[in-house]
Amino acid sequence: LTFPSYFIKDTKSINDIHARMVIGIFSRKIAPPLGITRRFAGEEPLCPVTANYNRLMKEILPENGIEFTIIKRLTAGRVPVSASRVRSLIREGLLEKTEELLPPSTFEFLKSPEGEKIIKKIRGL
């Protein structure tokens, strides 16, 4: 997998080549022996690399007999929910603002003694 990046300096081309190789390996070597005929991925409006990977899966997987479905990203208001956004709010000390972004059980966990340890780690304390 490192071979193309040695010769090609264009990051987008390298990302495409790596993604195509990984999707090809999954399609030909992993999915058939496991009987996988369908793959799901979350919609990715925030990360261009992951969005491109999803685009390539949509193109390549059906060619190999694997149905591909993208699951719409959850939004809070009009903003996509992401783990990065949650971690950023925690780093800023704004735990209460994560409530609308998390399942109730996760939000309650973060307020527990065990959750406080995770919050300290995220905040670098």
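- Distance check: R123 CZ to E92 CD gives 9.5 Å after rounding to the nearest 0.5 Å.
- When R28, M57, R39 are each tested for a side chain to side chain contact (heavy atoms under 4.5 Å, CB included) with I23, only one passes: M57.
- Looking at R91 and S88, their side chains come closer than 4.5 Å, going by heavy atoms from C-beta outward.
- In this model, no donor atom of one side chain and acceptor atom of the other lie less than 3.5 Å apart for S112 and E108.
- Annotation: salt bridge (Lys or Arg N to Asp or Glu O under 4.0 Å) contacts of K97 (sequence neighbours excluded): none.
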Do E63 and S27 pass the side-chain contact (heavy atoms from CB on, under 4.5 Å) test, and can you show the C-alpha distance, the side-chain angles, and the key distance before you say yes or no? CA-CA 9 Å; E63 293 172 357; S27 298; over 6 Å; no
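- A donor-acceptor pair under 3.5 Å is absent between the side-chain atoms of N54 and the main chain of E43, judged by distance alone.
- Contacts of R38 classified as salt bridge (Lys or Arg N to Asp or Glu O under 4.0 Å), with partners at least two apart in sequence or in another chain: E67.
- No path of Ile, Leu, Val, Met, Phe, Trp and Tyr side chains, each step under 4.5 Å between heavy atoms, connects I71 with L46, placing them in separate hydrophobic clusters.
- Between V79 and R85 the shortest side-chain heavy-atom distance falls below 4.5 Å.
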Could you check N64 against F26 for side-chain contact (heavy atoms from CB on, under 4.5 Å), going step by step and ending with a plain yes or no? CA-CA 10 Å; N64 290 280; F26 173 81; over 6 Å; no
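- V49 and I17 are assigned to two separate hydrophobic clusters, defined by single-linkage of ILVMFWY side chains at heavy-atom distances under 4.5 Å.
- Residues meeting the side-chain hydrogen bond (donor to acceptor under 3.5 Å, both in side chains) test with N52, sequence neighbours left out: D16, R55.
- Between K117 and E114, no side-chain nitrogen of the basic residue sits less than 4.0 Å from a carboxylate oxygen of the acidic one, so the salt-bridge criterion is not met.
- Counting Ile, Leu, Val, Met, Phe, Trp and Tyr side chains that sit under 4.5 Å apart, directly or through other members, L94 shares a hydrophobic cluster with L74, V81, V86, L89, I90, L95, L101, L102, F107, F109, L110, I118, I119, I122.
- Here R20 pairs with E59 under the salt bridge (Lys or Arg N to Asp or Glu O under 4.0 Å) rule; sequence neighbours left out.
- Partners of R87 according to the side-chain hydrogen bond (donor to acceptor under 3.5 Å, both in side chains) rule, which considers only residues two or more places apart in sequence or in another chain, are S84.
- Between atom CG of residue L61 and atom OG1 of residue T37 there is a gap of 11.0 Å, rounded to the nearest 0.5 Å.
- One finds the SG atom of C47 at 12.5 Å from the OH atom of Y53 (value rounded to the nearest 0.5 Å).
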